[in-house]
Structure formats: C-alpha cells, structure tokens
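Treat the numbers as computed from the prediction; the structure is a model and nothing was measured. What's counted below: heavy atoms across the whole structure, side chains too, no hydrogens, waters or symmetry copies. All residue numbers refer to positions in the sequence shown, counting from 1.
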Amino acid sequence: MQSLLGNFALILFILMVVTGVIWFYDKLVLAKKRRAAAEMALAAFDERNAKLKAQGIAVDESGRATLKEKLLKRPVWVEYSGSFFPVIAAVFFIRSFLWEPFRIPSSSMVPTLQIGDMILVSKYSYGIRLPVVNRKIVDFGDPQKGDVVVFKFPKDTSLDYIKRVVGVGGDRVEYRNKKLIINGVESKYQPLGDYLDTESLTYSKEFEEDLAGTGVRHHILNDDRAPNYVPHPDRFPNRNMCTYNVEGFACTVPRGYYFMMGDNRDNSLDSRYWGFVPDDYIVGKAFLVWMNLGDMTRIGGIR
C-alpha cells in the first residue's frame, strides 16, 4: 500500500529545510544588506535632488518612493521560498505528526476495507515519532488487539502494509481450522452469509468475528476452497517462536513485536507468512475512509 502523498517525507523535509533556510537567511542577512544599499542610494538621490532644487531645477518627488520600493524588493527566488515555506511546513507537519492519507490497492482487508478506499491514518494514536527515521519520542500507548494498523513491511520497509493486530508481545496466537485463538480464548463467529468479490466474481463465507474476548467485533471472510494450513511460510526472524501443521499454526509473539492478519483470511499475505512486525515499524492507526470514487457509501469510520 502506498501513501497518497507517495514516499515524499524525505523530499518534503528537504524542501522545507531549503526554503526555510532561504527565508531566514533573507530575513537575517539579505534584508539588512538591501536596507543598507537602499539607504545609500536614497541618500545619493536626496543629495542630487537638493542640488537640482538649489539650481532652480524641478525634480520628480514621486521618484523617491518608486526607487525605494525597487531597492527593497526581494529577489524572485526569495519571494517564492517565502511563499512556499509555510505551505510545505504545514503539509510536512500534518503528514508527519497528525494524519496521512493512503489508498487501499488490494483485497487483503476485505470486507473491512475495499480496493480503492482512501483512508486516513492517525500518526499520533500511539505516540509522536520523528519523521523520516520514525523513532518514537513521545509515547501515548501501544497498538491493541483489534486495531487496524499501517506499518512498514518487514521484508521491504519502503512499502506500507495495512492489517489488523491480532497479537501483541507475549500473546500466544493460534489459528486452527480457520478459527483464531488468543491466549487460549477462542474467537466467536456469527455467520453472515455469502460475500461476492466483485473483482474476481467469486463467493466467500462472511462472518462477524468477536476477537478472542477483546470485545472487538468486525467482519472477516473465509474461503472454503483454501486449505487450513499455511503454505510455504518464510524463514523470518524469530521463526522458532512458531509451529505449523495441517490445521494451521501457533506463534508466541516476542516482546516489542505484533502479529498482523488480514480480514480476508484466505487471501492475505500477513504475519502467518512473513513474521512479526517490530514496534519501530508502526506508522499509525487507520480510523476513517474519507473517499472511494467508485462507491461513495464507503465513507465512514473503520472498525
């Protein structure tokens, strides 16, 4: 998944620094030089006019104001920097510390999130992180089971993924015969009928899942044609914390890590395949679908 602003955090930061340096340099250095040069030129202008008046020659009194405006005018490149700096700084601040827009490109979170959903992610739900390096400097808490979270993909941190947190550090997460069990508590499932995937024109079974006693209720999909086991999981870090068999898998989540799963359970490459997500890779919590050009009824909160 990609941010609607693209991977522009570093570019925005560089632009903000460059335009900011130009703007402040003009305020602190160039403006003083322009004023000093203007004062000298205006003094010469006044002296010349005084001599002309003494000789009885008429002078253009309005010329002084025009000359002053011309001498004090900032260069075009400084004007543009001064105009763009607050805009770039505002976008950088909002994107880095408040909200970031993303577009859903795949069906791994169907039915919760559809392809084409444009979502907002809260960057401050779990704390304030330094932009670019993504290091937390103010802690507001940690992702909780049931949260829909955007994070850096552990196998390629240039990519952003979105999944649901189903396990936090210390949890025992099991998925047996397509039923999720957390710390020995089995999730409850309410059948909701068949779900038509309009992209592939195939049906899946839709359920409301009560996530292992957490009180978090959301919809999931299961495909009867897909096997219970996890085919070909990677050799990811802390792989020894997991066991796989024909019924599914069981993993103990290391401290400081999270276990992520897609709501489209049989069509999601998630922690079952590529492992745990470290806390440093958390981007933020998805909380709102603000637009879907193909279906305006999608607008609303995410649960």
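- The backbone N or O of Val173 sits nowhere less than 3.5 Å from a side-chain atom of Asp171 that would complete a donor-acceptor pair.
- Residues Ile115 and Ile162 are members of separate hydrophobic clusters, defined by side-chain heavy-atom contacts under 4.5 angstrom among Ile, Leu, Val, Met, Phe, Trp and Tyr.
- Formation of a donor-acceptor pair under 3.5 Å by the Arg255 side chain with backbone atoms of Gly169 is found in this model.
- How far CE of Met109 is from CD1 of Ile220: 11.0 Å, rounded to the nearest 0.5 Å.
- No side-chain heavy atom of His218 sits under 4.5 Å from any side-chain heavy atom of Val148.
- Rounded to the nearest 0.5 angstrom, Ser122 OG and Asp147 CG are separated by 10.5 Å.
- The aromatic rings of Trp274 and Phe151 lie tilted to each other, with the angle between the two planes from 30° to 60°.
- Scanning both residues, Glu208 and Leu192, for their nearest heavy atoms gives N-CD1, 3.6 Å.
- Asp270 has no carboxylate O lying under 4.0 Å from a charged side-chain N of Arg164, or vice versa, which leaves the two without a salt bridge.
- For Val185 against Ala212, the heavy-atom pair with the smallest separation is O-CB, 3.5 Å.
- By the ring pair (Phe, Tyr, Trp, His ring centres under 6.0 Å) test, Phe236 pairs with Phe276, sequence neighbours left out.
- Tyr189 and Asn222 form no side-chain donor-acceptor contact under 3.5 Å, judged by distance and modelled atom types alone.
- To the nearest 0.5 Å, the span separating SG on Cys251 from OH on Tyr244 amounts to 4.5 Å.
- Connection of Leu180 to Tyr229 is not established within any shared hydrophobic cluster, with ILVMFWY side chains joined at heavy-atom distances below 4.5 Å, either directly or through further cluster members.
- Separating the NZ atom in Lys188 from the CG atom in Asp210 is a distance of 6.5 Å, to the nearest 0.5 Å.
- Using a 4.5 Å cut-off on side-chain heavy atoms (C-beta onward), Met118 and Val289 make no contact.
- The only option from Phe153, Tyr281, Tyr273 that meets the ring-ring contact (aromatic ring centres under 6.0 Å, His included) definition with Tyr161 turns out to be Phe153.
- Annotation: cation-pi pair Arg272/Phe249 absent, no NZ/CZ under 6.0 Å from the ring centroid and within 45° of its normal.
- Side-chain atoms of Gln144 come within 3.5 Å of backbone N or O of Asp142 as a donor-acceptor pair.
- Here the closest non-hydrogen pair linking Val216 and Gly146 is CG1-CA, 3.9 Å.
- Not one N or O on the side chain of Ser187 forms a donor-acceptor pair closer than 3.5 Å with the backbone of Glu209.
- A donor-acceptor pair is defined here as one N or O able to donate and one able to accept, closer than 3.5 Å; such a pair exists between the side chain of Lys178 and the backbone of Ala226.
- Within a 6.0 Å sphere centred on OH of Tyr203, other residues, nucleotides and ligands contribute 12 heavy atoms or fewer.
- Residues Leu293 and Ile299 fall within the same hydrophobic cluster, defined by Ile, Leu, Val, Met, Phe, Trp and Tyr side chains chained together at heavy-atom separations under 4.5 Å.
- Looking at every heavy atom in both residues, Arg176 comes nearest to Gly248 through NH1-C, 4.2 Å.
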Assess whether side chain to side chain contact (heavy atoms under 4.5 Å, CB included) is satisfied between Val149 and Tyr126, documenting all intermediate values.
CA-CA 11 Å; Val149 171; Tyr126 308 122; 3.6 Å; yes
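- For the residue pair Arg298 and Leu113, the shortest heavy atom distance occurs at NH2-CA, 3.7 Å.
- Atom CZ of Phe287 sits in a crowded spot, with more than 12 heavy atoms from other residues, nucleotides or ligands closer than 6.0 Å.
- The structure places OG of Ser204 at 6.5 Å from CG of Asn267, a figure rounded to the nearest 0.5 Å.
- A donor-acceptor contact shorter than 3.5 Å is absent between the side chain of Ser108 and the backbone of Ser268.
- Nearest heavy-atom pair across Ser106 and Ile104 is O-CG2, 3.3 Å.
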Would you check, one step at a time, whether the test side chain to side chain contact (heavy atoms under 4.5 Å, CB included) holds for Arg239 with Asp234?
CA-CA 8 Å; Arg239 171 74 159 70; Asp234 296 342; over 6 Å; no
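- Between Lys205 atom NZ and Leu221 atom CG the span is 11.5 Å, to the nearest 0.5 Å.
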Let me see the working for Tyr175 and Arg265 under side chain to side chain contact (heavy atoms under 4.5 Å, CB included), right down to the final yes or no.
CA-CA 10 Å; Tyr175 195 61; Arg265 292 287 164 77; 3.4 Å; yes
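- Transitive grouping of hydrophobic side chains (ILVMFWY, heavy atoms separated by less than 4.5 Å) brings Met291 and Leu120 into a common cluster.
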Please lay out, stage by stage, how Arg303 and Arg217 fare under the test side chain to side chain contact (heavy atoms under 4.5 Å, CB included).
CA-CA 8 Å; Arg303 69 182 183 93; Arg217 289 182 169 86; 4.1 Å; yes
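- Residues Asp279 and Ile282 meet the side-chain proximity criterion, which asks for heavy atoms closer than 4.5 Å.
- Side-chain contact between Val168 and Lys145 is present, with at least one heavy-atom pair separated by less than 4.5 Å.
- Each of Val110 and Leu211 belongs to its own hydrophobic cluster when Ile, Leu, Val, Met, Phe, Trp and Tyr are linked at side-chain heavy-atom distances under 4.5 angstrom.
- Proximity of Asp295 to Gln114: side-chain heavy atoms (C-beta onward) are nowhere separated by under 4.5 Å.
- Each of Val253, Val166, Val165 was checked for a side chain to side chain contact (heavy atoms under 4.5 Å, CB included) with Tyr258, and the lone residue meeting it is Val165.
- We find that Asp117 and Arg103 are not joined by a salt bridge, their nearest charged nitrogen and carboxylate oxygen being 4.0 Å or further apart.
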